[in-house]
**Student:** 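Structure in structure tokens, see below.
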Amino acid sequence: MDRRREIAREIARIYCPLTPPAVDVLGSILVPLKFQKGETILEEGSVCRALYFVEKGMARQYYYKNKKDVTEHFSFEGRIIFCIESFLKQEPSRLIVEALENTKLYAIPHDDLFNLMVRNQEMEMLYRKILEHVAISSQEHADSQRFENAAERYERLLREKPEIVLRAPMVHIASFLQMTPETLSRVRGATSLGSAKNTTRDQNDAWWTYTHN
């Protein structure tokens, strides 16, 4: 329980301050899970029955289009990942979540969370804040795809979320940025930033919210 309480405290620090009793309540429903590199966390056609907080490792969310997989999100230490439509509707997901590294997660089960929300206003506020982060994150990513060119999209990623560039396979990064691996290679070679060091980080993203400054 001690480790689960620590994780609950960290979730509260990132998303929404909770009183000590509320932290204890959140910790009581957390479920630790481990996945090996390449293992599927959520299969296509399965219902997303939890929010997943990443304690260690890296995961990505993707789908298939025209027989190619398209990366939609990355998540690593201190971030939550889940398939929002499937989670909200409790219907089968068209998205897949896989571990890119050996990964340890803490699941926040859907039913347990909603049962708590009925009785605990702090849990309801936490859930609302997580969804707000999701909405902001999704809009920012969509705007980047709409209004920025390939170089600008890569430079934004390098500037705000350098860990992805350092840890994720280039083929998945290219897919996430909606460019071919060849284009990404040219952009990387031409970028004026050159390094993932000394960069500012995006604090408004549910999947990417940082655990440490």
**Student:** Starting at CG of Asn102, measure out to NZ of Lys37 and round the result to the nearest 0.5 Å.
**Tutor:** 8.5 Å
**Student:** Relative to the ring of His73, is the ring of Phe176 parallel (under 30°), tilted (30 to 60°) or perpendicular (over 60°)?
**Tutor:**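 Phe176 and His73: tilted rings.
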**Student:** Okay, side chain of Ser86, backbone of Cys48: is any donor-acceptor separation there less than 3.5 Å?
**Tutor:** yes
**Student:** Is Met125 reachable from Met117 through a run of I, L, V, M, F, W or Y residues, each pair having side-chain heavy atoms under 4.5 Å apart?
**Tutor:**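 No; tracing contacts between hydrophobic side chains, which count when under 4.5 Å, never links both residues.
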**Student:** Which pairs, with at least one residue in residues 121-130 and sequence neighbours excluded, count as a side chain to side chain donor-acceptor pair (under 3.5 Å)?
**Tutor:**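 Those involving residues 121-130 are Thr19-Glu122.
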**Student:** Please examine the side chains of Ile7 and Lys104, heavy atoms only from C-beta on, and report whether any two atoms are closer than 4.5 Å.
**Tutor:** no
**Student:** Mind checking whether Leu126 and Ile11 have side chains closer than 4.5 Å, heavy atoms only?
**Tutor:** yes
**Student:** Would you say that more than 12 heavy atoms from the other residues, nucleotides or ligands in this model lie under 6.0 Å from the CD of Glu152, or not?
**Tutor:**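 Above 12, so yes.
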**Student:** Going hydrophobic residue to hydrophobic residue with side-chain gaps under 4.5 angstrom, can you get from Tyr15 over to Phe87?
**Tutor:** yes
**Student:** Output the distance between atom CD (Glu155) and atom CD (Glu160), rounded to the nearest 0.5 Å.
**Tutor:** 11.5 Å
**Student:** Compare all side-chain heavy atoms of Val171 with those of Pro169 and state whether any distance is below 4.5 angstrom.
**Tutor:** yes
**Student:** If you round to the nearest 0.5 Å, how far is OG1 of Thr103 from CE of Met58?
**Tutor:**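 Those atoms lie 9.0 Å apart.
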**Student:** Applying a strict under-4.5 Å side-chain criterion to I, L, V, M, F, W and Y, I'd like to know whether Leu33 and Ile41 cluster together.
**Tutor:** yes
**Student:** First locate atom OH of Tyr62, then atom CG of Leu95, and finally report the distance between them rounded to the nearest 0.5 Å.
**Tutor:** 10.5 Å
**Student:** Minimum heavy-atom separation for Arg49 to Gln90, with atom names?
**Tutor:** NH1-OE1, 3.4 Å
**Student:** Per the side-chain contact (heavy atoms from CB on, under 4.5 Å) rule, which among Leu184, Ile173, Asn149 passes with Met179?
**Tutor:**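 Single side-chain contact (heavy atoms from CB on, under 4.5 Å) partner of Met179 among Leu184, Ile173, Asn149: Leu184.
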**Student:** Closest heavy-atom contact between Ala8 and Gly27?
**Tutor:**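 Nearest pair, atom of Ala8 first, then Gly27: CB-N, 3.6 Å.
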**Student:** Considering only heavy atoms from C-beta outward, does the side chain of Tyr63 approach that of Gln61 to under 4.5 Å?
**Tutor:** no
**Student:** Does any non-hydrogen side-chain atom of Glu10 lie less than 4.5 Å from one of Glu6?
**Tutor:**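 A side-chain contact is absent here, since even the closest heavy-atom pair is not under 4.5 Å.
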**Student:** Counting only heavy atoms from other residues, nucleotides and ligands, does the tally under 6.0 Å from CZ of Arg94 exceed 12?
**Tutor:**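 Count not over threshold, so no.
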**Student:** Flag the pair Leu100 / Phe76 as yes when at least one side-chain heavy-atom distance between them is below 4.5 Å, and no otherwise.
**Tutor:**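 Counting from C-beta outward, Leu100 and Phe76 never come under 4.5 Å.
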**Student:** Using the side chain to side chain contact (heavy atoms under 4.5 Å, CB included) rule, take Met123 and Leu18 through it: C-alpha gap first, then chi angles, then the decisive distance, then the call.
**Tutor:** CA-CA 8 Å; Met123 292 298 104; Leu18 298 175; 3.8 Å; yes
**Student:** What's the separation between atom CZ in Arg5 and atom CG in Leu26, rounded to the nearest 0.5 Å?
**Tutor:**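 CG of Leu26 is found 10.5 Å from CZ of Arg5.
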**Student:** Does the Thr71 side chain pair with the main chain of Ser175, one donor and one acceptor, at a distance under 3.5 Å?
**Tutor:** no
**Student:** Check Val187 against Ala151 and note the closest heavy-atom contact, atom names and distance.
**Tutor:** CG1-CA, 3.7 Å
**Student:** Any link between Ile84 and Ile14 through a network of hydrophobic side chains (Ile, Leu, Val, Met, Phe, Trp, Tyr) touching at under 4.5 Å?
**Tutor:**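 Same cluster: Ile84 reaches Ile14 through Ile, Leu, Val, Met, Phe, Trp or Tyr contacts under 4.5 Å.
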**Student:** Report yes or no: do Tyr64 and Leu42 belong to one cluster of Ile/Leu/Val/Met/Phe/Trp/Tyr joined by side chain heavy-atom distances under 4.5 Å?
**Tutor:**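 No: no chain of side-chain contacts under 4.5 Å links Tyr64 to Leu42.
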**Student:** Check whether any side-chain heavy atom of His133 lies under 4.5 Å from a side-chain heavy atom of Ile136, and answer yes or no.
**Tutor:** no
**Student:** Under a 3.5 Å cutoff, is there a donor and acceptor pairing between the side chains of Ser185 and Arg188?
**Tutor:** no
**Student:** Return the OH to CZ distance between Tyr106 and Arg4, rounded to the nearest 0.5 Å.
**Tutor:** 8.5 Å
**Student:** Could you check if a side-chain atom of Phe82 sits within less than 4.5 angstrom of a side-chain atom of Ile108, using non-hydrogen atoms only?
**Tutor:**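 The answer is no, as the side chains (C-beta and beyond) never meet within the 4.5 Å cut-off.
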**Student:** Is any side-chain N of the basic residue among Arg146 and Asp143 closer than 4.0 Å to the acidic one's carboxylate O?
**Tutor:** yes
**Student:** Can you see which heavy atom on Pro92 is nearest to which on Gly45, and at what distance?
**Tutor:**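 Nearest pair, atom of Pro92 first, then Gly45: CB-O, 3.3 Å.
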**Student:** Do Phe74 and His172 have ring centres separated by under 6.0 Å?
**Tutor:**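 Distance test on ring centres: not under 6.0 Å, no.
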**Student:** Does Arg60 come within less than 4.0 Å of Asp69, counting only side-chain N to carboxylate O?
**Tutor:**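 Asp69 and Arg60: salt-bridged.
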